[in-house]
Participant: 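One structure, as structure tokens, below. Some questions next.
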Amino acid sequence: MQGSSPLFRRSEPEDSAAGYTAAKHGVVGLMRYYARTLAEKNVRVNTVHPCGVATPMLQNEQMEQFIAEFPEWGDYLQTPIPVPTIEPADITEAMIYLCGQSGRYVTGVTLPVDAGFSVK
């Protein structure tokens, strides 16, 4: 593969995601620990796992350059539900559910709001 970024020299996007994967599993482990520990105090703990969200973190010149240099990442990041990114309001709605009355019995879950990315 071409490109100068030392983090993304592997042939497949999945090969470059070890640090991200380890960090995400760590967050999930902490969430489950606190969900179990704090449940008796009626404190709920969950995590929301989005795909790409339409924010400046993804919609910027550097990301456009990166995708131009490594087009396989554009394909890798595509979700089964064909949307380029989801809107911040979609994450807000998930948080309102989890924090509101309707989610009062939900704790210790990882909620994917990812247009099907986690099942591809």
Side-chain angles (χ1 to χ4, degrees):
M1 178 189 335
Q2 298 179 13
S4 59
S5 175
L7 296 176
F8 302 102
R9 292 185 192 261
R10 307 250 181 178
S11 61
E12 298 296 325
E14 300 92 340
D15 293 340
S16 299
Y20 174 82
T21 302
K24 193 164 191 175
H25 280 275
V27 167
V28 170
L30 282 172
M31 175 274 296
R32 289 181 177 153
Y33 168 80
Y34 283 115
R36 199 172 44 252
T37 303
L38 298 173
E40 67 184 32
K41 298 177 193 274
N42 203 28
V43 174
R44 296 174 284 125
V45 184
N46 300 289
T47 55
V48 175
H49 300 261
C51 58
V53 179
T55 66
M57 181 178 160
L58 289 182
Q59 297 177 331
N60 60 64
E61 186 178 330
Q62 291 81 12
M63 183 58 89
E64 289 174 17
Q65 290 174 351
F66 178 80
I67 296 297
E69 188 174 347
F70 301 98
E72 64 275 14
W73 275 84
D75 295 337
Y76 172 73
L77 294 172
Q78 182 57 52
T79 58
I81 296 174
V83 294
T85 56
I86 61 176
E87 294 299 318
D90 299 314
I91 304 306
T92 301
E93 290 295 324
M95 297 299 297
I96 288 171
Y97 163 71
L98 288 172
C99 296
Q101 185 67 11
S102 58
R104 68 188 176 276
Y105 300 124
V106 180
T107 192
V109 302
T110 58
L111 179 61
V113 182
D114 65 2
F117 185 79
S118 61
V119 297
K120 72 178 221 182

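Owing to the predicted nature of the structure, the values given are computational and were not obtained by experimental measurement.
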Participant: Membership question, hydrophobic clusters at under 4.5 Å side-chain separation (ILVMFWY): are L58 and V83 in the same one?
Facilitator: no
Participant: Of all the heavy-atom pairs spanning Q78 and P82, show the shortest one and how long it is.
Facilitator: NE2-CA, 3.6 Å
Participant: When hydrophobic residues are tied together by side-chain contacts of less than 4.5 Å, even through go-betweens, does L77 share a cluster with F66?
Facilitator: yes
Participant: For P88, is there any backbone N or O sitting under 3.5 Å from a side-chain donor or acceptor partner on T92?
Facilitator: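 Indeed, once roles are kept as given, a pair shorter than 3.5 Å links the two residues.
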Participant: Got a sec, which hydrophobics cluster with V119, joining ILVMFWY side chains under 4.5 Å apart, including via others?
Facilitator: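 So far as hydrophobic clustering goes, V119 is joined with none.
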Participant: Any side chain to side chain donor-acceptor pair (under 3.5 Å) involving residues 81-91? Give me the pairs, sequence neighbours left out, ordered by first then second residue.
Facilitator: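 The answer is none; no pair qualifies.
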Participant: How long is the straight-line distance from CD1 of I96 back to CD of Q101, given to the nearest 0.5 Å?
Facilitator: 14.5 Å
Participant: Between the side chain of R32 and the main-chain N/O of G29, is any donor-acceptor distance below 3.5 Å?
Facilitator: no
Participant: Linking Ile, Leu, Val, Met, Phe, Trp and Tyr by side-chain heavy atoms under 4.5 Å, what else ends up with V43?
Facilitator: V28, L30, M31, Y33, Y34, L38, V45
Participant: Which pairs count as ring pair (Phe, Tyr, Trp, His ring centres under 6.0 Å) when at least one residue sits in residues 95-120, sequence neighbours excluded?
Facilitator: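 Sorted result for residues 95-120: Y76-F117.
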Participant: For residues Q65 and E61, is any side-chain donor paired with an opposing acceptor at under 3.5 Å?
Facilitator: yes
Participant: Output every pair passing ring pair (Phe, Tyr, Trp, His ring centres under 6.0 Å) with a member in residues 40-60, not counting sequence neighbours, ordered by first then second residue.
Facilitator: none
Participant: Return the OG1 to CG distance between T47 and L111, rounded to the nearest 0.5 Å.
Facilitator: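 Here the rounded value is 8.0 Å.
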Participant: Can you tell me which residue pairs pass the side chain to side chain donor-acceptor pair (under 3.5 Å) test with a partner in residues 106-120, sequence neighbours excluded?
Facilitator: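 Sorted result for residues 106-120: D114-S118.
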Participant: Find out if a path of hydrophobic residues (ILVMFWY) with successive side-chain heavy-atom gaps under 4.5 Å connects V106 to V113.
Facilitator: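 In one cluster: yes.
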Participant: Test your reading of the model: is there a side-chain donor-acceptor pair from N60 to the backbone of M57, 3.5 Å cut-off?
Facilitator: yes
Participant: Mind listing the closest non-hydrogen atom pair of A115 and P80 along with its distance?
Facilitator: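 Distance-wise, the nearest heavy atoms are O-CD, 3.4 Å.
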Participant: For the CG atom of N42 and the CZ atom of R104, what is their distance to the nearest 0.5 Å?
Facilitator: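 Spacing of CG (N42) from CZ (R104) equals 11.0 Å.
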